[in-house]
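Below you'll find the structure, written out as structure tokens, and then a few comments.
Basis for what follows: all heavy atoms, side chains included, without hydrogens, waters or symmetry-related copies. Please read these numbers as outputs of a predicted model, since none were measured by experiment. One-based numbering along the sequence shown.
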Amino acid sequence: MTRLKHYRLKLIKTIRHNPDTYSYDFHLDTGLDWKEGDSSRLFLNVKGQVEERRLSFASIPAEGLVRFTTKIKAER
């Protein structure tokens with residue numbers, strides 16, 4: 001069984017594109033690498049509860065940051 005690597009990312013910027021769509025930019029951790037079209041599981045601590053979400057990368061390593069873009073519905 002292959003053990004997945006874990007990275008702790010630091011949020012550097014949130015961009016609100018419209019009422020439902022947001023981009024989140026994170027500092028690029030040394031060693032983290034991906035290719036166009038890759039996705040990852042992101043775990044967030046929300047009010048003391050861990051939430052998991054699978055997101056596609058919206059950036060490439062050459063940009064020097066990790067970006068995820070997603071829709072967040074108001075009722076969620």
For the atom pair CZ (R53) and CG (L42), what is the distance rounded to the nearest 0.5 Å? 9.5 Å
Heavy-atom closest pair (T69 atom, S23 atom, distance to 0.1 Å) is OG1-OG, 2.6 Å
When the ring planes of F57 and W34 are compared, do they come out parallel, tilted or perpendicular, using 30° and 60° as the limits? parallel
Let me confirm one number: the CG-NZ distance from N18 to K71, rounded to the nearest 0.5 Å. 7.0 Å
Could you measure the distance from the CZ atom of R16 to the OG1 atom of T21? Nearest 0.5 Å is fine. 10.0 Å
Return yes if some donor-acceptor pair links the side-chain N/O of Y7 with the main-chain N/O of G31 below 3.5 Å, else return no. yes
For Y24 and Y22, take the angle between the two ring planes, folded into 0 to 90°, and tell me which bin it lands in: parallel under 30, tilted 30 to 60, perpendicular over 60. parallel
Any chain of hydrophobic side-chain contacts (each under 4.5 Å) joining I15 to F68? no
As an exercise, state the distance from NE2 of H6 to CG of L9, rounded to the nearest 0.5 Å. 12.0 Å
Taking Q49 for the side chain and V46 for the main chain, is one N or O donor matched with an acceptor at less than 3.5 Å? no
Do you reckon V50 sits in the same ILVMFWY cluster as F26, going by side-chain contacts under 4.5 Å, direct or chained? no
In the structure I gave you, are the side-chain heavy atoms of L65 and K13 within less than 4.5 Å of one another anywhere? no
Which atom of R54 lies closest to which atom of S39, heavy atoms considered: NH1-OG, 3.2 Å
Which heavy atom of V66 sits nearest to which heavy atom of H27, and what is that distance? CG2-O, 4.5 Å
Between OG of S40 and CG of L32, what distance do you get to the nearest 0.5 Å? 7.5 Å
Are L11 and I72 connected, step by step, through hydrophobic side chains (Ile, Leu, Val, Met, Phe, Trp, Tyr) whose heavy atoms are closer than 4.5 Å? yes
